[in-house]
Amino acid sequence: MTLLRAVKGMNDVLPDEIGSWQRVEAAYARTMSLHGFREVRTPCVEPTGLFVRAIGEATDVVEKEMYSFRHHDEDLTLRPEGTAGAARAYLEHAVHAKEPTSRWWYSGPMFRAERPQRGRYRQFSQLGAEIFGDPGPGCDAEMIDMLVGFLGDLRVPGVEVLVNSLGGPATRARYRDALVQYLTPRAAELSAESQRRLATNPLRILDSKDARDQAAVRDAPTMSELLDDADRAHFDGLRRHLDELGTPYRVDARLVRGLDYYTRTLFEIKGAHDALGAGSTLVGGGRYDLMLAELGGPQVPAIGFAAGLERLLLGSGLAPPGHAVDTLVAPLGEAAASRALSIGRELRRKGIRCEVDTRGGSLKSQLRRANTLGARMVVILGDSELAEGVVQVKDLEARTQDRMPIEQALRIIVDRLMAASRSVDSRPPAPGQEKP
RNA sequence: GUGGCCGUAGCUCAGCUGGUAGAGCACUGGAUUGUGGCUCCAGGUGUCGCGGGUUCGAACCCCGUCGGUCACCCCA
């Protein structure tokens with residue numbers, strides 16, 4: 001019988017790796033809380049129409065990457081991104097009528113039926129956030145600055161912020177025409193892929209990796225030349241804020257994103273860690289002032305971003321925390337087993353992370369286990385200790401061992417571990433936290 | 001969807017364009033009949049991914065297939 005495997009592009013996160021995930025998630029929750037964002041949880045499954053309307057019918061995500069299915073009479077889709085669902089929830093609960101601005105964050109699995117490669121999976125996790133109801137460039141700048149700080153917390157090397165402005169739909173239409181007009185006489189110089197895109201999605205030619213396309217596009221008109229006054233003022237405001245914050249960024253006139261809903265501010269943050277491979281984009285985001293109206297709601301301006309958790313893990317310089325238990329209770333023989341369980345319970349009630357070696361085995365093997373668990377203290381309970389109502393308390397670090405009544409043992413273990421954790425906490429960031 | 005590379009022990013891999021499969025790590029036990037980390041010793045019946053072909057003989061060569069991975073497209 002052949003073993004069943006996980007679905008292609010959908011991965012297990014085993015306990016050895018989960019510490020890294022939790023570390024990133026905790027840092028993210030902290031950042032969000034410091035900036036006044038509150039968590040929202042929306043379903044993984046939404047009506048297919050939501051994504052078609054929010055993301056855009058002609059996008060790659062909607063055209064070929066969605067996990068869509070028909071269940072009874074409903075067309076449903078596993079969410080490929082988080083913004084559409086958040087926007088739907090915001091409108092469905094009429095949150096705009098209850099508070100002028102809302103700051104929401106989310107994290108969770110997203111699904112895209114693409115060919116997997118490094119940092120890109122069919123089920124992947126995004127950390128995202130949205131600000132609803134704030135039209136100004138101030139919150140755009142705050143969001144970008146916040147993300148730079150967050151990536152700094154994660155020790156991501158080589159953080160690079162790219163910003164651009166797409167203007168509004170009218171600007172984009174004008175720009176699209178200008179670009180097509182510029183490129184059509186040069187069509188022969190473009191890659192085959194881009195010749196096709198010239199008709200379907202000309203903006204995408206701008207960020208093509210093909211050298212021929214890059215050359216053809218080098219002197220093409222840029223979006224910023226066509227921004228209207230209000231768009232320009234917004235973009236200038238964003239840049240001024242970032243300059244004054246001292247947040248490093250680069251204006252990239254060729255920055256384009258694959259989702260249709262963006263207006264005005266657009267940004268992308270890359271990392272430089274070798275492990276990232278081709279997927280160096282860690283965060284992508286932008287403003288979508290028109291999307292809520294297009295979904296049938298009021299005209300509420302909004303901005304949001306999404307960060308790929310798997311990519312943050314690849315791109316971060318943080319070492320995974322080790323698995324550790326403070327104390328191991330080592331019973332020798334059947335008679336001591338029950339007593340060992342109750343000692344374990346007592347220790348845990350005092351907040352001591354503790355494992356009882358229920359497999360039994362030799363004392364040597366139990367001490368080895370204590371060692372691999374990272375336990376500092378071991379409570380040894382053999383027949384002679386049991387008979388006398390005492391235990392042996394072994395301190396693996398101090399290499400001492402004492403025989404004492406259980407009450408005293410509990411006190412000593414608590415004292416030593418608490419003292420140890422205090423001294424650890426007062427130290428500056430521990431060495432060895434960074435990857436080699 | 002397209003292309004490159006790779007499938008050998010739990011993991012990382014070696015295996016000379018053909019002669020019947022190895023190392024390190026991990027794990028377990030022992031040296032120490034109830035005392036860890038270091039050291040030493042011992043412990044492997046592995047569909048060599050699968051199917052077919054060539055050959056006296058295939059982990060190795062050929063064809064097919066499945067899986068993985070990296071990259072493209074696109075994206076987080």
Side-chain angles (χ1 to χ4, degrees), chain A residues 1-3 5-9 11 14 16 55 59-66 79-83 107-128 147 191-194 196-197 200-201 204-205 207-210 213 256-259 268-271 275-285 304-315 328 330-333 336 357 359-386 392-401 403:
Chain A
M1 183 148 106
T2 54
L3 234 44
R5 305 176 48 93
V7 173
K8 184 191 193 76
N11 306 117
L14 296 176
D16 277 351
I55 299 172
T59 57
D60 284 296
V61 170
V62 169
E63 266 180 3
K64 52 184 199 191
E65 294 171 4
M66 294 209 297
R79 61 179 181 190
E81 56 99 60
T83 297
S107 84
M110 308 293 163
F111 303 85
R112 255 121 101 159
E114 304 173 276
R115 191 86 158 245
Q117 69 186 64
R118 180 180 304 202
R120 193 242 301 269
Y121 307 104
R122 290 186 172 179
Q123 176 177 332
F124 61 105
S125 300
Q126 285 189 335
L127 306 175
L147 286 162
S191 66
E193 187 66 30
S194 285
R196 190 182 60 77
R197 280 190 288 224
T200 58
N201 198 351
R204 295 244 59 99
I205 299 173
D207 64 352
S208 167
K209 287 177 189 166
D210 192 296
D213 297 338
V256 183
R257 321 225 82 250
L259 280 46
E268 186 170 303
I269 307 182
K270 294 169 176 287
L276 282 169
S280 61
T281 300
L282 263 17
V283 187
F305 69 85
L309 183 41
E310 289 83 354
R311 288 186 187 182
L312 291 177
L313 257 9
L314 286 174
L328 181 76
L332 303 173
D357 199 335
R359 349 160 269 175
S362 67
L363 178 56
K364 179 204 283 277
S365 73
Q366 299 198 43
L367 286 171
R368 278 189 186 155
R369 173 142 186 90
N371 217 46
T372 56
L373 286 174
R376 176 176 167 189
M377 309 298 291
V378 181
V379 177
I380 301 168
L381 186 61
D383 289 338
S384 67
E385 286 82 8
L386 206 57
Q392 301 272 1
V393 174
K394 187 175 183 69
D395 184 329
L396 295 181
E397 219 169 85
R399 317 184 78 175
T400 58
Q401 181 170 329
R403 196 181 180 84

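First the proteins, then the strands, lettered A, B, ... as listed; each starts at 1.
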J.: Partners of A:Arg5 by side chain to side chain donor-acceptor pair (under 3.5 Å), sequence neighbours excluded?
T.: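 So A:Arg5 forms no side chain to side chain donor-acceptor pair (under 3.5 Å) with any residue.
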J.: Would you please confirm or rule out a distance under 4.0 Å between OP1 or OP2 of B:A71 and any side-chain N or O of A:Gln117?
T.: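 So the side-chain polar atoms of A:Gln117 do come within 4.0 Å of the phosphate oxygens OP1 or OP2 of B:A71, strictly under.
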J.: Check salt bridge (Lys or Arg N to Asp or Glu O under 4.0 Å) between A:Glu385 and all other residues, then give those that pass, not counting sequence neighbours.
T.: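 Partners of A:Glu385 by the salt bridge (Lys or Arg N to Asp or Glu O under 4.0 Å) criterion, ordered by chain and then number, come out as A:Arg403.
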J.: Mind checking the CG-OG spacing from A:Leu332 to A:Ser384? Nearest 0.5 Å is all I need.
T.: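 Here the rounded value is 9.0 Å.
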J.: Which whole number of Å gives the distance between the P atom of B:G15 and that of B:G7?
T.: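 The answer is 10 Å between these two P atoms.
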J.: Taking only N and O in the side chain of A:Lys8, is any of them less than 4.0 Å away from OP1 or OP2 of B:G67?
T.: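 Checking A:Lys8 against B:G67: no side-chain N or O falls below 4.0 Å of OP1 or OP2.
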J.: Quick one: side-chain contact (heavy atoms from CB on, under 4.5 Å) partners of A:Thr59, sequence neighbours excluded?
T.: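 side-chain contact (heavy atoms from CB on, under 4.5 Å) check on A:Thr59 returns A:Ile55, A:Val61, A:Val62, A:Asp260.
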J.: Counting Watson-Crick and G-U wobble pairs whose two distances are both under 3.5 Å, find the runs of 3 or more in a row that involve RNA chain B.
T.: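 Consecutive-pair runs (3 or more) involving RNA chain B: B:1-7 with B:66-72, B:10-13 with B:22-25, B:27-31 with B:39-43, B:49-53 with B:61-65.
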J.: Which nucleotides of nucleotides 2-12 of chain B have their base under 4.0 Å from a protein heavy atom (B), which only their sugar-phosphate (S), and which neither (-), written as one string 5' to 3'?
T.: BB---------
J.: Mind checking whether A:Leu328 and A:Val379 have side chains closer than 4.5 Å, heavy atoms only?
T.: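 They are not in contact (no side-chain heavy atoms under 4.5 Å apart), so the answer is no.
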J.: What interatomic distance, in whole Å, is found between C1' of B:U35 and the corresponding atom of B:C70?
T.: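 Here B:C70 and B:U35 have their C1' atoms 50 Å from each other.
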J.: Touch check for A:Ala370, heavy atoms < 4.0 angstrom, all strands: base, sugar-phosphate only, or nothing?
T.: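 A:Ala370: no heavy atom of the nucleic acid under 4.0 Å.
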J.: For A:Arg79, is there an ion pair with A:Glu81 - N to carboxylate O distance below 4.0 angstrom?
T.: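 So A:Glu81 does not pair with A:Arg79 through a salt bridge.
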J.: How far does the C1' atom of B:G49 sit from the matching atom of B:C66, given to the nearest Å?
T.: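 Per the computed distance, 8 Å lies between those C1' atoms.
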J.: Look up atom CD in A:Glu268 and atom CZ in A:Phe305, then write down how far apart they are to the nearest 0.5 Å.
T.: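 Nearest 0.5 Å value for the CD-CZ distance: 14.5 Å.
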J.: Between C1' on B:A76 and CZ on A:Arg112, what's the gap in Å once rounded to a whole number?
T.: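 Rounded to whole Å, this separation is 6 Å.
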J.: On a whole-Å scale, what distance lies between the C1' atoms belonging to B:U12 and B:G4?
T.: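 Going atom to atom, C1' in each nucleotide, I get 23 Å.
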J.: Check every strand shown and say whether A:Arg311 touches a base, only sugar-phosphate, or nothing at a heavy-atom separation below 4.0 Å.
T.: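 Here A:Arg311 touches the bases of the nucleic acid.
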J.: Contact class for A:Gly128 (heavy atom, under 4.0 Å): base, sugar-phosphate, or nothing?
T.: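 No contact.
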J.: For A:Arg122, which residues count as a salt bridge (Lys or Arg N to Asp or Glu O under 4.0 Å) partner, sequence neighbours excluded?
T.: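 Not a single residue meets the salt bridge (Lys or Arg N to Asp or Glu O under 4.0 Å) criterion with A:Arg122.
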J.: CZ of A:Arg5 versus C1' of B:U69: gap in Å, rounded?
T.: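 After rounding, the reported distance stands at 12 Å.
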J.: When the distance from CD of A:Glu268 to C1' of B:A76 is rounded to whole Å, what number comes out?
T.: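 Taking atom C1' of B:A76 as the reference, CD of A:Glu268 is at 10 Å.
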J.: Could you give the distance separating B:A31 and B:G18 at their P atoms, to the nearest angstrom?
T.: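 Result for the P pair: 48 Å, nearest Å.
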J.: Among residues at least two apart in sequence or on other chains, which ones pass salt bridge (Lys or Arg N to Asp or Glu O under 4.0 Å) with A:Asp395?
T.: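 So A:Asp395 forms a salt bridge (Lys or Arg N to Asp or Glu O under 4.0 Å) with A:Arg376, A:Arg416.
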J.: Could you list the residues that satisfy salt bridge (Lys or Arg N to Asp or Glu O under 4.0 Å) with A:Arg399, not counting sequence neighbours?
T.: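 Salt bridge (Lys or Arg N to Asp or Glu O under 4.0 Å) check on A:Arg399 returns nothing, list empty.
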J.: A:Gln366: which residues meet the side chain to side chain donor-acceptor pair (under 3.5 Å) condition with it, sequence neighbours left out?
T.: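 Once residues adjacent in sequence are excluded, A:Gln366 has no partner under the side chain to side chain donor-acceptor pair (under 3.5 Å) criterion.
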J.: For the P atoms, the ones on B:C6 and on B:C63, what distance do you get once it is rounded to whole angstrom?
T.: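 The answer is 14 Å between these two P atoms.
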J.: Suppose you measure atom C1' in B:U54 against the same atom in B:C62; what distance do you get, rounded to whole Å?
T.: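 The answer is 7 Å between these two C1' atoms.
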J.: May I ask you to say what A:Phe111 touches in the nucleic acid, namely base, sugar-phosphate or nothing, with a heavy-atom cut-off under 4.0 Å?
T.: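 Nothing, no heavy atom under 4.0 Å.
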J.: Between A:Leu147 (CG) and B:A76 (P), how many Å, whole number?
T.: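 Computing the A:Leu147:CG to B:A76:P distance gives 13 Å.
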J.: Can you list everything that forms a side chain to side chain donor-acceptor pair (under 3.5 Å) with A:Lys64? Sequence neighbours excluded, please.
T.: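 Residues passing side chain to side chain donor-acceptor pair (under 3.5 Å) with A:Lys64: A:Asp60.
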J.: Counting only distance, no hydrogens or angles, is the base of B:A76 paired donor-acceptor with the side chain of A:Glu114 under 3.5 Å?
T.: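 Such a pair exists between side chain and base.
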J.: Rounded to whole angstrom, note down the P distance from B:C60 over to B:A21.
T.: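 My reading of the P atoms in B:C60 and B:A21 gives 14 Å.
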J.: Got a list of protein N/O to nucleotides 32-36 of chain B N/O distances below 3.5 Å?
T.:
from  : atom 1 : to       : atom 2 : distance (Å)
B:G34 : O6     : A:Ser384 : OG     : 2.9
B:G34 : N1     : A:Glu385 : OE1    : 3.0
B:G34 : N1     : A:Glu385 : OE2    : 3.2
B:G34 : N2     : A:Glu385 : OE2    : 3.0
B:U35 : O2     : A:Lys394 : NZ     : 2.8
B:U35 : O2     : A:Gln401 : OE1    : 3.0
B:U35 : N3     : A:Gln401 : OE1    : 2.7
B:U35 : N3     : A:Gln401 : NE2    : 3.0
B:U35 : O4     : A:Gln401 : NE2    : 2.7
B:G36 : O6     : A:Leu396 : O      : 3.1
B:G36 : N1     : A:Leu396 : O      : 2.6
B:G36 : N2     : A:Asn371 : OD1    : 2.9
B:G36 : N3     : A:Asn371 : OD1    : 3.2

J.: Nearest nucleotide by nearest heavy atom, which residue falls closer to the 5' end of RNA chain B, A:Asp60 or A:Gly9?
T.: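 Going by which nucleotide is closer to the 5' end, it is A:Gly9.
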J.: Contact class for A:Val61 (heavy atom, under 4.0 Å): base, sugar-phosphate, or nothing?
T.: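 The residue A:Val61 makes no contact with any strand.
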J.: Sequence neighbours excluded and cut-off under 3.5 Å, please list the side-chain donor-acceptor pairs for residues 107-115 of chain A, or say none.
T.:
from     : atom 1 : to       : atom 2 : distance (Å)
A:Arg112 : NH1    : A:Pro80  : O      : 2.5
A:Glu114 : OE2    : A:Arg120 : NH1    : 2.8

J.: Roughly, in whole Å, what's the span from CZ in A:Phe124 to C1' in B:A76?
T.: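 In whole Å, B:A76 C1' lies 6 Å from A:Phe124 CZ.
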